[in-house]
Structure formats: C-alpha cells, structure tokens
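Here you go, one structure.
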Amino acid sequence: MIWQVIFCMRLDKFLSNMGKATRTEGSRLARAGKITVNGVTVKKADIHINPDTDIICINGVTVKYKKFAYIMLNKPEGYVSATDDEREKTVLDLLGDEERRLGLFPCGRLDKNTLGLVILTNDGDSAHRCLSPKHHVDKIYKFECKFPLTDENVASLENGVDIGGYFTKPCKIKLDSDTSGEITLTEGKYHQIKRMLEAVDNKITYLERISFGGIMLDSSLDRGEWRYLTIDEEELFIGGNKK
Ligand code: URA
C-alpha cells in the first residue's frame with residue numbers, strides 16, 4: 001500500500017495566502033457564487049481544499065497555487081527595510097495590495113538611504129539560509145566614497161577591519177576609480193560598509209546593492225519598481241534548501 005500525505009487547507013486561507021482576498025472577502029465572494037472548486041460553485045469559504053490538486057477559480061479565473069512568493073524590488077531612498085514602522089515608509093509600501101497580503105518580509109536590511117536590490121519573500125527557511133554567514137551568500141554593492149582609497153586601504157578592507165568590536169570577514173573590492181567601485185560581502189552587519197569605510201578614515205557617499213546570491217538587480221526596474229523572481233532566480237534564492 002502506498003501512503004500519501006494529502007495536504008488540505010481552508011479555501012479562505014488559500015485565497016488569502018495567494019493574495020487574492022482577505023478571509024472576509026473570501027466568504028463574501030463565496031456567498032455571491034463567484035468561487036468554483038473543480039468547476040462546482042461553492043457557497044462557503046470555510047471548506048477544505050487540496051491546493052495541489054483542486055482547481056480554484058474566482059470569477060472564472062484560475063488562482064494558481066504557489067507555496068511561497070519571491071519578489072525583487074529596486075529600493076529607492078527614504079524607505080526602511082521593515083514590514084511596518086510607525087513613522088517611516090517601508091519597502092512593503094511599494095508593493096501592490098495583493099502582494100501586501102502575502103506576509104512578505106525583506107530578506108536582510110538595507111539602510112534607509114541605501115538603494116537597490118531587496119528580495120522580499122514569505123519563505124522563512126530560504127531567507128534564513130541566505131542570511132546565515134555560514135552559507136557565504138555574496139552580496140555585491142556599488143559604492144562611492146568621499147576620499148581616495150589607497151592600496152593599503154583596499155588591502156585592509158579586503159582582509160577585514162575592526163568596526164567597533166567586530167572584525168569583518170574577508171571581502172572583495174573592485175575599484176572603478178579611487179573613490180568608487182564594487183564591494184562583495186558574504187555577511188551583513190548593521191551599517192557594515194559605512195562602518196568599514198569609517199574604519200579606514202573615509203565616508204560612504206553612495207551605496208547601492210546590485211546583486212544578492214547571484215541574483216542581479218534587473219536594470220529595467222526603475223527605483224521603487226518590483227517584479228516576481230523568474231524560475232531561475234528562485235532557484236538561486238532557494239539554493240539547496242528545498243531540494
Ligand atoms: N552596508 C551598509 O552600510 N548599509 C547598507 O544598507 C548595506 C550594507
């Protein structure tokens with residue numbers, strides 16, 4: 001005999017997890033006869049469905065099942081990397097209504113004035129793996145600094161500097177000029193790059209993340225724009241986690 005675990009979920013939870021309707025809206029849609037399960041109209045949203053095998057439609061449009069969502073955002077200045085904040089605008093404010101219902105959070109933090117690539121997901125395991133220093137996930141930043149960097153400065157930064165009781169791990173620096181270039185980190189301490197530059201008596205004047213774990217910031221996204229990750233990008237993000 002083959003034992004199979006059948007995965008069931010309430011219809012209203014499914015619709016809310018897919019960002020299609022809040023629980024209340026789900027019940028209302030069902031009462032209004034707008035929802036079908038395998039072609040049969042259902043009048044209640046508290047029934048159980050199998051998201052892997054059942055076909056759910058709202059107004060005749062199929063709601064595709066995806067366990068997790070992965071979004072790339074080109075963060076503008078002035079937004080904090082948080083899910084909510086009493087005073088500041090958060091990166092979630094840049095998403096659509098549907099996406100805001102998915103329980104997404106930013107995978108790692110960029111400072112309020114740092115620009116560029118933020119991955120938002122509701123896949124906690126993969127986010128945790130990407131952020132864990134033991135997995136050495138590369139994050140590449142474009143930077144500009146106030147004063148020219150000497151060869152000795154670059155060597156110190158690459159070998160590791162003391163940023164106030166913590167000695168940074170080795171990193172890579174590729175200079176475009178003596179005050180600009182790219183820095184690749186495998187860790188992400190609070191204000192890390194700014195504090196690293198301060199450790200060599202310099203100051204960051206521009207910072208933009210352009211890559212995270214091999215996923216490049218899509219140059220067609222303007223600041224504040226976002227899109228879902230492609231299948232290949234999802235694979236890079238999920239890495240060994242779900243295999
Ligand atoms: N390092 C910083 O100093 N700030 C960021 O936002 C990211 C890395």
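Counting convention: from 1, in listed order, for ligands and their atoms alike. Remember, predicted model here, so these are calculated numbers, not experimental data. Keep in mind that the numbers below use all heavy atoms, side chains included, and drop hydrogens, waters and symmetry copies.
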D218 and S220 side chains, donor-acceptor separation under 3.5 Å: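 Present: a donor and an acceptor within the cut-off.
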Criterion side-chain hydrogen bond (donor to acceptor under 3.5 Å, both in side chains) against D111, the qualifying member of K194, K75, Q192: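 One option only clears the test, and that one is K194.
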Minimal non-hydrogen separation, A45 against A30, with atom names: N-CB, 3.9 Å
pair D84-L92: side-chain heavy atoms closer than 4.5 Å: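 Side chain of D84 against side chain of L92, heavy atoms only: no contact under 4.5 Å found.
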Min heavy-atom dist Y190 to ligand 1 below 4.0 Å: no
Identified side-chain hydrogen bond (donor to acceptor under 3.5 Å, both in side chains) counterpart of Y70 within the set D123, T121, N122: D123
Distance-only N or O hit between ligand 1 and I193, under 3.5 Å: yes
Intermediate values then yes/no, salt bridge (Lys or Arg N to Asp or Glu O under 4.0 Å), E208 and R223: CA-CA 11 Å; E208 175 186 15; R223 297 275 182 235; 3.1 Å; yes
Enumerated ligand 1 atoms positioned under 4.0 Å from heavy atoms of T114: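 Every atom of ligand 1 under 4.0 Å from some heavy atom of T114: 4 (N), 5 (C), 6 (O).
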Proximity to ligand 1 by part of L207, non-hydrogen separation under 4.0 Å: side chain
Nearest neighbour of atom 5 (C) of ligand 1 from the list D111, L115, I204, on a heavy-atom basis: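 Of the listed residues, D111 has the closest heavy atom.
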Under 4.0 Å to a heavy atom of Y141 - the qualifying atoms of ligand 1, by number: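 In order of numbering, the contacting atoms are 7 (C), 8 (C).
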N or O pair under 3.5 Å between R195 and ligand 1: no
Polar contact flag for R109 and ligand 1 (N/O pairs, less than 3.5 Å):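 No, no N or O pair falls under 3.5 Å.
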